[in-house]
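The sequence lines fix the lettering, A, B, ..., with proteins before strands; numbering per chain opens at 1. Note that the structure is a prediction, hence the values are computed from the model and not measured.
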Amino acid sequence: MPELPEVEITRRRLEPFLVGRIVAGVETTRDSYVFLTRPSVLRRRLPGRSILSLERTGKYLVAPLDNGERLLLHLGMTGQLFAAGTASVRLLSSTAGAALAPDRQTAGFRPDAHTHLRLRFAGGGPEVFFRDVRKLGKIQLLRPGESSPRLERLGADALRSRGPDLFDVTRGRRASVKTVLLDQSVLAGVGNIYADEALFLARIRPTRRAGRLSRAECRRMVAAVKRVLRRSIETGGASVSDPSGEEGPPLDERRVYGRAGEPCRRCDTPIRRVVVGGRSAHFCPRCQR
DNA sequence: AGACTAACCTGAAAGC
DNA sequence: TGCTTTCAGGTTAGTC
């Protein structure tokens with residue numbers, strides 16, 4: 001489940017394989033839910049273009065091209081982006097249980113039915129693949145100057161800016177604080193897992209009405225979000241987000257997500273799971289008020 | 001406007 | 001054993 005840290009790690013790993021390279025060949029699957037731009041258009045327009053940079057806003061990756069177009073990518077739930085040479089494979093996304101598993105790094109990647117985009121580059125070298133089993137990810141090619149409602153709707157990136165004043169933003173809002181954290185137009189990049197983890201750090205119960213948070217709680221909340229996200233990037237992005245806990249050292253830093261019934265790491269009280277805004281929310285009933 | 005729900009997608013896991 | 005149901009979640013669109 002890629003959230004901001006996984007997307008940022010993917011960005012960093014992919015950057016050297018994309019930036020400065022000229023697209024020589026494009027393969028896609030047939031048109032489907034992942035394509036906001038028809039695959040035939042991608043196959044026609046991408047070859048010949050060089051990639052200027054790879055940027056991230058929230059959970060989106062944006063690659064500006066030399067003709068002013070922009071390639072927009074979103075990993076959705078199960079999306080993976082990685083580069084692969086001919087002999088061995090380096091998985092470059094930490095999502096969906098694919099990345100960091102050593103046995104898979106050498107498995108040799110063969111594009112399958114879920115591999116929706118394959119980019120070859122001039123001069124050879126590693127190719128770049130976009131794979132997404134559940135097709136909740138997105139691929140879009142924006143024309144020069146074309147705006148994207150998806151991008152423009154986004155609020156401040158959860159890591160980069162000082163962010164909105166959460167206290168001001170939440171006044172009068174009856175929705176839960178958890179719902180507001182997941183609202184990408186308020187703060188871009190936080191998903192279900194890190195929202196729960198940040199709420200635990202801030203000691204705020206996810207069901208609390210956002211409009212009732214004090215100034216101090218809002219400050220704590222924003223600080224906790226940043227801390228959780230930064231920490232996850234430092235440790236490789238997989239330890240917190242992978243519910244199986246099988247990947248990425250340290251083994252498991254999750255405090256609450258996916259730990260319903262297990263003892264709180266602070267006070268031993270069993271972690272509870274409730275549904276908030278249609279999403280699962282995990283919290284310690286004693287530590288979080 | 002804000003809040004809630006359904007829909008998109010598919011594989012794993014639970015239920016029968 | 002094998003079939004059916006449920007669940008997971010990021011995001012948008014539609015409804016109230």
Chemist: Both A:Leu136 and A:Arg150 contact DNA chain C. Which one's nearest nucleotide lies toward the 5' end?
Modeler: A:Leu136
Chemist: Are a donor atom and an acceptor atom from the side chains of A:Tyr194 and A:Glu6 found within less than 3.5 Å of each other?
Modeler: yes
Chemist: Base, sugar-phosphate alone, or nothing: which one does A:Arg209 contact when heavy atoms must sit under 4.0 Å apart?
Modeler: nothing
Chemist: What is the ring orientation for A:His116 with A:Phe130, classed by angle as parallel under 30°, tilted 30 to 60°, or perpendicular over 60°?
Modeler: tilted
Chemist: Given atom CZ of A:Arg153 and atom C1' of C:dT12, what is their separation to the nearest angstrom?
Modeler: 7 Å
Chemist: Decide yes or no on salt bridge (Lys or Arg N to Asp or Glu O under 4.0 Å) for A:Lys178 and A:Asp196, but give the supporting numbers first.
Modeler: CA-CA 8 Å; A:Lys178 170 78 184 273; A:Asp196 280 3; 2.7 Å; yes
Chemist: Expected output is a numbered-order residue list: members of residues 53-64 of chain A with a heavy atom under 4.0 Å from any atom of DNA chain C. What is it?
Modeler: A:Lys59, A:Tyr60
Chemist: Could you check how far CD of A:Glu152 sits from C1' of C:dT12, rounded to whole Å?
Modeler: 16 Å
Chemist: Using a strict cut-off of less than 4.0 Å between a Lys/Arg side-chain nitrogen and an Asp/Glu carboxylate oxygen, indicate whether A:Arg219 and A:Asp165 qualify as a salt bridge.
Modeler: no
Chemist: Under a plain distance cut-off of 3.5 Å, with no hydrogens placed, do A:Asp132 and A:Thr78 share a side-chain donor-acceptor pair?
Modeler: yes
Chemist: Heavy atoms from C-beta onward define the side chain here; which of C:dT12, C:dG10, C:dA8 lies closest to that of A:Asn192?
Modeler: C:dG10
Chemist: Can you tell me the distance, in whole Å, between the CD atom of A:Gln140 and the C1' atom of C:dT11?
Modeler: 13 Å
Chemist: Is the Lys NZ or Arg CZ of A:Arg171 less than 6.0 Å from the centre of A:Phe167's six-membered ring, within 45° of the axis?
Modeler: yes
Chemist: Indicate, with a heavy-atom threshold strictly under 4.0 Å, whether A:Arg173 touches base, sugar-phosphate, or nothing.
Modeler: sugar-phosphate
Chemist: Does any donor atom in the side chain of A:Gln80 or A:Arg131 lie under 3.5 Å from an acceptor atom in the other side chain?
Modeler: yes
Chemist: Going 5' to 3' on DNA chain B, which nucleotide is the first and which the last to come under 4.0 Å of a heavy atom in chain A?
Modeler: B:dA3 to B:dG11
Chemist: Closest-nucleotide mapping onto DNA chain B: is A:His114 or A:Gly278 further toward the 5' terminus? I mean the 5' end.
Modeler: A:Gly278
Chemist: Specify the separation, in whole Å, of atom CG of A:Leu151 and atom P of C:dG10.
Modeler: 18 Å
Chemist: Nearest whole angstrom, please: distance from the P of C:dT11 to the CE of A:Met77.
Modeler: 11 Å
Chemist: Taking the side chain as every heavy atom from C-beta outward, state whether A:Ile22 and A:Ile51 have any pair of such atoms under 4.5 Å apart.
Modeler: no
Chemist: Indicate, with yes or no, if A:Leu71 and A:Leu75 share a hydrophobic cluster defined by side-chain heavy-atom contacts under 4.5 Å among Ile, Leu, Val, Met, Phe, Trp and Tyr.
Modeler: yes
Chemist: One thing to verify: whether A:Arg230 and A:Glu234 come together as a salt bridge, which I'm taking to mean a side-chain N less than 4.0 angstrom from a carboxylate O.
Modeler: no
Chemist: Please confirm whether the shortest side-chain N or O distance from A:Gln184 to OP1 or OP2 of C:dG10 is below 4.0 Å.
Modeler: no
Chemist: Go through the steps for A:Glu197 and A:Arg254 under the test salt bridge (Lys or Arg N to Asp or Glu O under 4.0 Å), then give the verdict.
Modeler: CA-CA 7 Å; A:Glu197 296 299 321; A:Arg254 282 178 292 121; over 6 Å; no
Chemist: Report for the helix from B:dG2-C:dC16 to B:dC16-C:dG2: angle between first-end and last-end helix axes, five pairs each, rounded to 10 degrees.
Modeler: 60°
Chemist: Output the rounded distance in Å from CG (A:Leu154) to C1' (C:dT11).
Modeler: 11 Å
Chemist: Measure the distance from CG on A:Leu187 to P on C:dG10 and round it to the nearest whole Å.
Modeler: 14 Å
Chemist: By the 4.0 Å heavy-atom rule, please label A:Arg171 as base, sugar-phosphate, or nothing.
Modeler: nothing
Chemist: What contact category does A:Ser32 fall into here, base, sugar-phosphate, or nothing, at under 4.0 angstrom with non-hydrogen atoms?
Modeler: nothing
Chemist: When the distance from NE2 of A:His282 to P of C:dC7 is rounded to whole Å, what number comes out?
Modeler: 13 Å
Chemist: Between the base of C:dG10 and the side chain of A:Arg134, is there a donor and acceptor pair under 3.5 angstrom?
Modeler: no
Chemist: Quick one: do the A:Arg21 and A:Ser50 side chains pair a donor with an acceptor below 3.5 Å?
Modeler: no
